[in-house]
Amino acid sequence: SRLSLQNEDYANTLRMYEYLLKEYPKTELYPYVRRMTIFVREQQARRSYPVDKDEVRKLIKDYESLLSEVGININSLEALRNMALLYAFYLDDRQQSIALLNRAIESAGKEIAFADKCKLDLGDIYILENDPWEASLTYSQVEKSQKDNVLGYEAKLRNAKLYYYKGEFELAKSVLNVLKKATSREIANDASALSLLILDNTGLDSSEDAMKAYAAVELQLFQHHYNEAVDSLQSLYARYQDHSLADEILWLQASTFIKLDRNEEAEKALLKIIETFHYDILADNAMYQLAQLYETKLKKKEEALRYYQELMEKYPASIFVADARKRYRRLRGDTIN
């Protein structure tokens with residue numbers, strides 16, 4: 001079930017958990033499996049746009065019913081945290097979310113890592129609340145508590161992103177330079193990518209205005225202000241289409257349109273990257289994303305085949321080639337052993 005969850009195969013994961021609930025209702029595993037059943041449904045709900053608020057409320061009720069049934073203990077603590085995040089990101093009830101996270105932190109006892117995970121969430125919610133100072137303070141507490149652990153590096157990365165959102169690029173870069181050496185490959189990669197983005201688009205010979213405006217849009221997206229972000233990106237591209245950030249602006253536009261299920265607009269943005277910035281670092285990303293869009297959302301098989309093939313021919317060193325080849329062969333109907 002863990003593997004199918006990692007692969008986002010929610011239907012099968014749900015079937016497995018429901019089987020365990022039915023066959024083993026009186027075991028120690030019950031609270032965990034019950035929570036995971038709700039969590040999988042939550043993942044399904046998050047993948048749809050717009051997210052169905054009634055479904056979110058139903059999930060919260062299920063979490064509440066689990067907590068009243070088994071009480072707050074090591075097996076159910078995550079339910080409190082999940083409820084808090086649903087309130088914050090999908091029902092815009094940040095105060096309820098903050099109250100639940102504080103309750104989870106108080107109930108954590110010796111589970112210090114869990115409490116610190118909740119503090120990272122709390123920091124995120126302070127960003128939603130436009131309170132960057134409180135967010136930074138909360139992240140810094142986790143940095144101290146989890147020094148040299150992955151959670152501590154994660155807290156550092158979130159502080160660096162906060163500096164970036166606020167346009168404090170020198171501060172962001174100094175933290176990111178430390179994180180590039182982090183033991184967690186994922187965090188080191190994220191730090192390197194953000195550091196490179198800042199480095200490539202600021203400097204002695206260029207104003208930081210474009211980068212500040214771009215970072216402000218990323219903050220809008222983090223705060224789930226998608227429609228405002230779409231408008232900002234359009235005016236940003238009109239103003240900076242000759243800037244080194246132009247392909248990044250189009251890429252962010254395409255990603256946002258895909259999230260909003262505005263697939264034809266995403267298609268236009270991706271085509272623009274392929275046609276205008278075919279020599280740039282995002283060209284193979286755009287071609288792969290476009291082929292996937294044709295395959296899964298727009299249901300244009302021939303176009304999908306064409307762009308998978310083009311990706312393999314034009315960008316043979318791309319990290320997407322292996323997957324593109326698999327998808328191409330499956331779409332074409334080849335027998336794959």
Side-chain angles (χ1 to χ4, degrees), residues 7-10 43-44 46-51 186 189-190 192-194 196-197 200-201 210 214 217-218 220-222 224 226-334 336:
N7 292 329
E8 298 181 7
D9 181 357
Y10 300 125
Q43 296 312 298
Q44 286 176 314
R46 283 168 182 255
R47 291 295 182 280
S48 62
Y49 189 88
V51 169
E186 200 178 324
N189 288 347
D190 285 352
S192 297
L194 185 53
L196 192 62
L197 177 70
D200 280 354
N201 298 291
Y214 180 86
V217 177
E218 290 229 69
Q220 284 181 323
L221 288 169
F222 180 83
H224 285 209
Y226 294 121
N227 294 322
E228 295 94 320
V230 164
D231 293 342
S232 303
L233 284 164
Q234 279 171 338
S235 59
L236 210 56
Y237 185 71
R239 191 173 169 196
Y240 293 112
Q241 55 191 294
D242 297 322
H243 191 278
S244 57
L245 258 176
D247 60 330
E248 295 283 354
I249 294 167
L250 285 170
W251 176 251
L252 200 53
Q253 222 174 20
S255 309
T256 307
F257 282 138
I258 288 169
K259 201 168 269 175
L260 298 175
D261 218 20
R262 289 164 63 173
N263 299 311
E264 282 79 10
E265 289 162 290
E267 175 192 14
K268 279 180 198 162
L270 292 167
L271 282 167
K272 188 93 174 158
I273 296 172
I274 292 162
E275 287 157 13
T276 316
F277 302 99
H278 54 86
Y279 52 84
D280 229 316
I281 195 165
L282 287 170
D284 63 323
N285 298 57
M287 200 169 276
Y288 178 70
Q289 188 68 69
L290 183 62
Q292 270 199 317
L293 191 67
Y294 283 133
E295 181 190 353
T296 59
K297 298 278 183 80
L298 297 172
K299 306 297 180 191
K300 293 184 178 178
K301 181 183 168 183
E302 293 310 314
E303 293 296 313
L305 283 167
R306 178 188 153 195
Y307 281 102
Y308 283 134
Q309 185 167 12
E310 212 170 307
L311 173 69
M312 292 184 282
E313 288 168 1
K314 284 190 176 174
Y315 305 101
S318 167
I319 57 165
F320 302 110
V321 161
D323 195 53
R325 185 174 290 112
K326 251 188 268 177
R327 286 172 175 270
Y328 177 83
R329 290 177 65 195
R330 190 174 63 232
L331 258 185
R332 202 173 56 176
D334 296 4
I336 301 169

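Note that this is a predicted model, so its numbers are computed, not measured. Only heavy atoms go into these numbers, but all of them, side chains included; no hydrogens, no water, no symmetry mates.
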Item to complete: Just jot down the ring-ring contact (aromatic ring centres under 6.0 Å, His included) partners of Tyr240, sequence neighbours excluded, or say none.
Response: His243
Worksheet, complete the sentence: For Tyr288, the ring-ring contact (aromatic ring centres under 6.0 Å, His included) test, sequence neighbours excluded, returns Phe320
Which pair of non-hydrogen atoms, one from [X] and one from [Y], has the smallest distance, and what is that distance?
X      : Y      : answer
Ser244 : Asp200 : OG-O, 3.6 Å
Glu218 : Leu252 : CG-CD2, 3.9 Å
Ala254 : Ala269 : CB-CB, 3.9 Å
Tyr226 : Leu221 : CD2-CD2, 3.6 Å

Practice prompt. With sequence neighbours excluded, give me every salt bridge (charged side-chain N to carboxylate O under 4.0 Å, His left out) pair touching residues 301-324.
Written response: Glu303-Arg306, Arg306-Glu310, Glu310-Lys314, Asp323-Arg327
Worksheet entry | Set of side chain to side chain contact (heavy atoms under 4.5 Å, CB included) partners for Arg332, sequence neighbours left out | Leu305, Tyr328, Asp334
For residues 228-235, tabulate all N or O donor-acceptor pairs below 3.5 Å that involve a side-chain atom, not counting sequence neighbours.
residue: Ser232; atom: OG; partner: Gln220; partner atom: OE1; Å: 3.0
residue: Ser232; atom: OG; partner: Glu228; partner atom: O; Å: 2.9
residue: Ser235; atom: OG; partner: Asp231; partner atom: O; Å: 3.4
residue: Ser235; atom: OG; partner: Ser232; partner atom: O; Å: 3.1

Item to complete: Scan for side-chain hydrogen bond (donor to acceptor under 3.5 Å, both in side chains) pairs involving residues 258-270, sequence neighbours excluded, and state none if there are none.
Response: Asp261-Asn263, Arg262-Glu265, Glu267-Tyr294
Worksheet item: So which pairs with a foot in residues 247-256 pass side-chain hydrogen bond (donor to acceptor under 3.5 Å, both in side chains), sequence neighbours left out?
Response: none
Worksheet item: When Tyr308 is tested against each of Lys326, Arg329, Glu295 for side chain to side chain contact (heavy atoms under 4.5 Å, CB included), which residue passes?
Response: Glu295
Discussion item. With rounding to the nearest 0.5 angstrom, report the CG to CE distance, Asp284 to Met312.
Written reply: 13.5 Å
Worksheet item: Distance from Leu290 atom CG to Ile274 atom CD1, nearest 0.5 Å?
Response: 4.5 Å
Worksheet item: Just wondering, do Leu197 and Tyr214 contact through their side chains at under 4.5 Å, heavy atoms?
Response: yes
Discussion item. Could you tell me if the side chain of Leu271 sits less than 4.5 Å from the side chain of Tyr307, heavy atoms only?
Written reply: yes
Got a list of side-chain donor-acceptor pairs under 3.5 Å for residues 276-283, not counting sequence neighbours?
residue: Thr276; atom: OG1; partner: Lys272; partner atom: O; Å: 3.0

